[in-house]
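Quick note: residue numbers are just sequence positions, from 1.
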Amino acid sequence: MSKWFRLASFVLLLTFSNFSAAAKHDEIALNLDKYVKNAVKKGIPGASLAVVIDGNIRLLRGYGVTKKGGSQKINSATVFPLASISKTFASAAVSILVDKGILEWDTHVVPYLDNIEFSDAEMGSEVTLRHLLSHTTGLVPQAYSDLLEDNVKYSRILQMLDRVKFVCEPGNCYGYQNIVYNLSADMLKLAAGMDYPTFVKEQVFIPLEMDHASYGLEQFKAEKNRVVPHVKVKSGYAPVKPAPYYYRVPAAAGVNASAQDLAKWMLAQFGYNPTVLKPASLELMHKPHIRANQYRYRAKLSNVYYGLGWRTFDYKKMTGFIHHGGWVKGIRTEMLFNRDTKTGIVFLTNCETDVARDIVLHFLKLYQEHYG
């Protein structure tokens, strides 16, 4: 019996016994469970939740339905598009090649990628893999994400990168990217000699037993236990087709996965799988690299930075928080944990809702009550 199966069995026992075997701080999981149940009762179509406390998975549960008006229930194995949480897998994948000595964090994009030209050749020559993964290339933020949404091919957009202006020297300012971030996948493909999704599957998904994780729209559609995205309408929420565009930049937004998968991903972030992610690599990825913005949470957070594929922040003088969220049409995703106490949550929902933002703040409040 694998360690993951033992954990899952324990969680199911814990869930269906109403926490009769409750451990210290399990009130956090109970409270979050009620919070999501209430959100579904108030109208969101569905969600999936994982809660990890003190390094142990304490709750895995689904809520509501995969499609409004349908009968298929969401469970903890139901697959969601992860949107930008996918960025956390890109930095991890690169770290594996760095540990093998095949790539370096400071490998320069040019001339490593001979099809890329920047508007300023001198500044462009300074851009490294580290800059890509920390959103510090110095380029105008969100460069050509709009073209991706307008169905322009990724290869065509790359040909236009030489029109994107630099707003600062590489490494000196934060500018969130999707197209540019995906250059990390192109570099990895060249270094590993295989396509990026295959590399992540073989080096991350399989060894971590992330059984429902995959890349791409076709893999998402092939999954029977998957959600349907929903957008806000006057009457509540309406189902829509999954958006194809961000799947074209897999390093930025290409992963599909379940709450079960991300609970295992969180445990890996705690250093429990050093054969996949080495402690030194995790330390570097979780390290603050550049001061960033986080408008969704306004003044609630402090010292907000971006690391390599992760955000970091403090909350009311408590440090050690690591986070990434995601949004794509009809989907919201959140993953947040504290690396010091090994406590965190995964929240996935099949609609565009402020509940995704609010549950992060609710978790932080509960965290402060128990650990502050």
Side-chain angles (χ1 to χ4, degrees), residues 47-48 50 74 76-97 132-133 135 145 148 154 176-179 181-186 188-189 192 194-223 225-229 242-269 273 276-277 285 308-311 322-337 344-350 356:
S48 194
I74 291 177
S76 63
T78 301
V79 172
F80 293 71
L82 296 190
S84 283
I85 290 180
S86 303
K87 291 180 172 69
T88 68
F89 293 91
S91 58
V94 168
S95 79
I96 293 171
L97 289 185
L132 298 180
L133 295 170
H135 298 298
S145 289
L148 197 67
Y154 173 68
Y176 194 82
Q177 305 286 352
N178 286 302
I179 300 292
Y181 195 93
N182 197 66
L183 294 177
S184 64
D186 298 339
L188 184 144
K189 178 181 178 180
M194 67 176 72
D195 68 89
Y196 173 80
T198 299
F199 182 87
V200 179
K201 177 182 178 181
E202 293 183 358
Q203 299 294 320
V204 179
F205 294 164
I206 292 175
L208 293 183
E209 299 182 31
M210 297 176 64
D211 300 328
H212 314 104
S214 67
Y215 272 93
L217 180 59
E218 294 309 311
Q219 288 293 313
F220 178 69
K221 289 181 176 180
E223 175 61 58
N225 186 12
R226 62 177 171 85
V227 294
V228 174
Y245 30 86
Y246 281 106
Y247 278 119
R248 295 166 190 155
V249 284
V255 178
N256 311 301
S258 67
Q260 286 184 19
D261 297 320
L262 288 186
K264 295 173 183 179
W265 186 228
M266 189 181 297
L267 295 185
Q269 299 304 310
N273 296 86
V276 179
L277 297 179
M285 287 185 279
L308 297 178
W310 291 98
R311 295 185 187 276
I322 311 294
H323 166 259
H324 217 296
W327 169 88
V328 70
K329 188 176 181 182
I331 298 290
R332 286 288 304 275
T333 62
E334 300 286 349
M335 181 170 172
L336 167 66
F337 57 89
I345 63 166
V346 171
F347 177 76
L348 312 172
T349 183
N350 57 342

Query raised in the report: Of all heavy-atom pairs between Asn256 and Gly216, which one has the smallest distance, and what is that distance?
Result: ND2-O, 2.9 Å
Report summary line: Between His212 and Asp261, the two heavy atoms sitting closest are CB-OD2, 3.1 Å
**Report entry** Between Asp195 and Tyr215, a side-chain donor and acceptor under 3.5 Å
**Finding:** no
Query raised in the report: Which heavy atom in Leu277 sits nearest to a heavy atom in Ala92, and how many Å separate them?
Result: CD2-CB, 3.7 Å
Query raised in the report: Are any non-hydrogen side-chain atoms of Ile331 and Val227 less than 4.5 angstrom apart?
Result: yes
Report task. Ignoring hydrogens and angles, tell me if any N or O in the side chain of Ser76 forms a donor-acceptor pair with the backbone of Gln260 under 3.5 Å. Result -> no
Query raised in the report: Can you tell me how far CZ of Phe80 sits from CG of Leu262, rounded to the nearest 0.5 angstrom?
Result: 10.0 Å
Report task. Any chance you could measure Met210, atom CE, to Ser258, atom OG, to the nearest 0.5 Å? Result -> 7.5 Å
Query raised in the report: Once you round to the nearest 0.5 Å, how far does OG of Ser145 lie from OH of Tyr245?
Result: 11.0 Å
Query raised in the report: Between Gln203 and Val276, is a side chain to side chain contact (heavy atoms under 4.5 Å, CB included) present by the stated rule, with each step listed?
Result: CA-CA 7 Å; Gln203 299 294 320; Val276 179; over 6 Å; no
Report summary line: Of all heavy-atom pairs linking Pro81 and Tyr247, the shortest is CB-OH, 3.5 Å
Query raised in the report: Donor-acceptor pair, Glu223 side chain versus Asn225 backbone, under 3.5 Å?
Result: yes
Report task. Look at the side chain of His135 and the backbone N and O of Gln177, then say whether any donor-acceptor pair between them is shorter than 3.5 Å. Result -> yes
Query - OG1-NZ distance between Thr198 and Lys189, expressed to the nearest 0.5 angstrom - result: 9.5 Å
Report task. Using distance alone, with no hydrogens and no angle criterion, decide if Ser84 and Tyr176 have a side-chain donor and acceptor under 3.5 Å apart. Result -> yes
Query raised in the report: Can you find a pair of side-chain heavy atoms, one from Gln269 and one from Ile322, that are under 4.5 Å apart?
Result: no
Report task. Check Ser184 against Ala251 and note the closest heavy-atom contact, atom names and distance. Result -> OG-CB, 3.7 Å
Query raised in the report: Is Leu82 close to His324 at the side-chain level, that is, under 4.5 Å between some pair of heavy atoms?
Result: no
Query raised in the report: Ignoring hydrogens and geometry, is there a side-chain-to-backbone donor-acceptor pair from Lys329 to Pro229 under 3.5 Å?
Result: no
Query - Side chain proximity check, Leu267 to Leu208, heavy atoms < 4.5 angstrom - result: no
Report summary line: Closest non-hydrogen atoms of Ala93 and Leu188, given as atom of the first, atom of the second and distance, are CB-CD1, 3.5 Å
Query raised in the report: Is there a side chain to side chain contact (heavy atoms under 4.5 Å, CB included) between Met285 and Val94 once you walk through the steps?
Result: CA-CA 10 Å; Met285 287 185 279; Val94 168; over 6 Å; no
Query raised in the report: Going from CH2 on Trp265 to OG1 on Thr88, what distance comes out if it is rounded to the nearest 0.5 angstrom?
Result: 5.5 Å
Query raised in the report: Tell me, do Ile179 and Val249 make a side-chain contact under 4.5 Å, heavy atoms counted?
Result: yes
**Report entry** Separation of Thr333 OG1 from Phe347 CZ (nearest 0.5 Å)
**Finding:** 10.0 Å
Query raised in the report: With no hydrogens and no angle check, is any side-chain donor or acceptor of Tyr181 less than 3.5 Å from a backbone partner on Lys87?
Result: yes
Report task. Could you tell me whether a side-chain N or O of Arg226 sits under 3.5 Å from a main-chain N or O of Phe220, the two making a donor and an acceptor? Result -> yes
Query - Test item: Ile74 and Leu348 side chains (from C-beta on) under 4.5 Å apart, heavy atoms - result: no
